[in-house]
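Right, one structure below, let's go through it.
What's counted below: heavy atoms across the whole structure, side chains too, no hydrogens, waters or symmetry copies.
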Amino acid sequence: MEHHLLILLGLHPKVFTETLYALCIKRGVHISKVTVISTASARQKTIETLLLPESGMYFRLCQEYPNHFADLQFTEASICVATDGRASIWDISNSGQSQAYLDLILSTINTITTNNESTLHAVVGGGRRTLSVYLAMALQLLGREQDRLYHLVVNPWEVETHSDFYFPTRESRLMVTFSGNQFDAKDVSVDLIEIPFIRLRNRFPIGKLSARTGQHLVEWIQREINGALVLPELVLDKKNLCLRIGPDVVCLQPQQFCLYWYFADLSRCRPKKVPADAYDQYFETSGSPYFSNEMRNGLLKRLDLLDSTGELRYRFTTKVLEDGNLPMTWVLQKIARINERIRAQLSVAHLIPFYCISAVGKRGSKCYGIKLNGDKIETPDLVS
């Protein structure tokens, strides 16, 4: 099993050597690869402090404990910096730069975790606090069962800010804190506290990550969670002409039921490649003053399934259709009455927008449908 360390670094690169000591020496984890995420300014500081050939503290750590880091891959190329589209970000000073780091952290973890034969060890604490929040959130979204999240702890606490302390030494080395207290580098306690986190990776098709920014991914997963954990199933009961929404029952007239049935099937049969919020790609669009012939034929088919005598079809063709066309005014009137019934019957108010027939878009180019995810919808079979 390969062990990969992901760490955030700011202007105090000592966090890196302290983490390696705690993880590799104290815990005995054999880290073979390291990825550092930092700003451009912090990257420069890290190189100067850790990676200069003779004075770099990373090399001094390797010399102090030669048996623990022989296979470790850590070079300047291991330090990743986000860009703003033009150049590397020197420091995070606005929301756009912050967003770039969310995207970088998500894509980095996504790449590392594609290898199922690896374990990711992620450490919060270095760099901007915003980045630590992003790292913890990203691991919740993408982390696997074997991955770990830590926070670094150094004791005594005054040592954390001591500019010359980078790791506990083998031999005694006396130092003095800013308050004048003496301590021995050999006796400093450096450890990692493991942070438990909720793993959501297997709950969602994370392959969508490549096509989305970090912000869009978070918003999309939140919608998926809302639908998966809160929204009851919608069942269309053809025999009793009603909608069953959890414990609530909404009874409709035959034409209303067939209209709702048509819209419910649009959402239930949404192609997997079409995002749930891309309503214009699967909702019904009106070509004013009429809806499509496909919608008209869909309603006729459903009316025939309700009534084999043809009476419902006859009423619909003679009293609703205009020269064979489905009027927009009739459909909108039915939608309003259906939604009125749903609002009156649903016992939980925040569910209403997911089960009503919604109009999306600007005036003159609206599309109509039900926003509930298709896997929550059960409709009658269209085969008689």
Using a 4.5 Å cut-off on heavy atoms from C-beta on, say whether the side chain of [Y] contacts that of [X].
{"X": "Leu234", "Y": "Arg244", "answer": "no"}
{"X": "Ser172", "Y": "Lys186", "answer": "yes"}
{"X": "Ile37", "Y": "Leu9", "answer": "no"}
{"X": "Ser38", "Y": "Ile79", "answer": "yes"}
{"X": "Ser55", "Y": "Arg60", "answer": "yes"}
{"X": "Lys334", "Y": "Gln255", "answer": "yes"}

Would [X] and [Y] count as a close aromatic pair, with their ring centres under 6.0 Å?
{"X": "Tyr58", "Y": "Tyr166", "value": "no"}
{"X": "His121", "Y": "His4", "value": "no"}
{"X": "Tyr65", "Y": "Tyr21", "value": "yes"}
{"X": "Trp330", "Y": "Phe316", "value": "yes"}
{"X": "Phe291", "Y": "Tyr368", "value": "yes"}

Measure across [X] and [Y] and return the closest heavy-atom pair with its distance rounded to 0.1 Å.
{"X": "Arg270", "Y": "Ala276", "result": "NH1-N, 3.6 Å"}
{"X": "Leu299", "Y": "Cys258", "result": "CD2-O, 3.5 Å"}
{"X": "Ser88", "Y": "Ala40", "result": "CB-CB, 4.2 Å"}
{"X": "Ser118", "Y": "Asp147", "result": "O-OD1, 4.4 Å"}
{"X": "Arg313", "Y": "Leu300", "result": "NH2-CB, 3.7 Å"}

- Quick one: does Asp84's side chain have a donor or acceptor within less than 3.5 Å of a partner on Ile89's backbone?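 A pair under 3.5 Å: no.
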
- Message: Any side-chain to backbone donor/acceptor pair from His162 onto Asp164? Under 3.5 Å, distance only.
- Response: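 Yes, because the side chain of His162 sits within donor-acceptor range (under 3.5 Å) of the backbone of Asp164.
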
Pairing donors with acceptors under 3.5 angstrom, does anything connect the side chains of [X] and [Y]?
{"X": "Asp71", "Y": "Ser32", "result": "no"}
{"X": "Glu158", "Y": "Ser179", "result": "yes"}
{"X": "Ser93", "Y": "Gln97", "result": "yes"}
{"X": "Tyr314", "Y": "Thr309", "result": "no"}

I'd like to know whether [atom1] of [X] has more than 12 heavy-atom contacts from other residues, nucleotides or ligands below 6.0 angstrom.
{"X": "Arg144", "atom1": "CZ", "value": "yes"}
{"X": "Lys238", "atom1": "NZ", "value": "yes"}
{"X": "Glu340", "atom1": "CD", "value": "no"}

- Chi angles and distances behind the salt bridge (Lys or Arg N to Asp or Glu O under 4.0 Å) call for Lys301, Asp304: CA-CA 5 Å; Lys301 183 172 186 177; Asp304 289 341; over 6 Å; no

- Task: Would you mind listing the cluster partners of Val153? Hydrophobic ones only (ILVMFWY), side-chain contacts under 4.5 Å, chaining allowed.
- Result: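 Its cluster mates, by chain and number, are Ile193.
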
- What distance do Thr108 atom OG1 and Leu120 atom CG have between them, rounded to the nearest 0.5 Å?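 Rounded to the nearest 0.5 Å, the OG1-CG separation comes out at 10.0 Å.
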
- Is the Tyr279 ring parallel, tilted or perpendicular to the Phe283 ring (thresholds 30°, 60°)?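 Answer is tilted, since the angle falls between 30° and 60°.
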
- Task: Give the intermediate values and the outcome of salt bridge (Lys or Arg N to Asp or Glu O under 4.0 Å) for residues Arg302 and Asp265.
- Result: CA-CA 11 Å; Arg302 288 165 175 80; Asp265 273 337; 2.8 Å; yes

- If you group Ile, Leu, Val, Met, Phe, Trp and Tyr by side-chain heavy-atom gaps below 4.5 Å, do Leu259 and Ile245 land in one group?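 They do share one cluster, since a chain of ILVMFWY contacts under 4.5 Å joins Leu259 to Ile245.
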
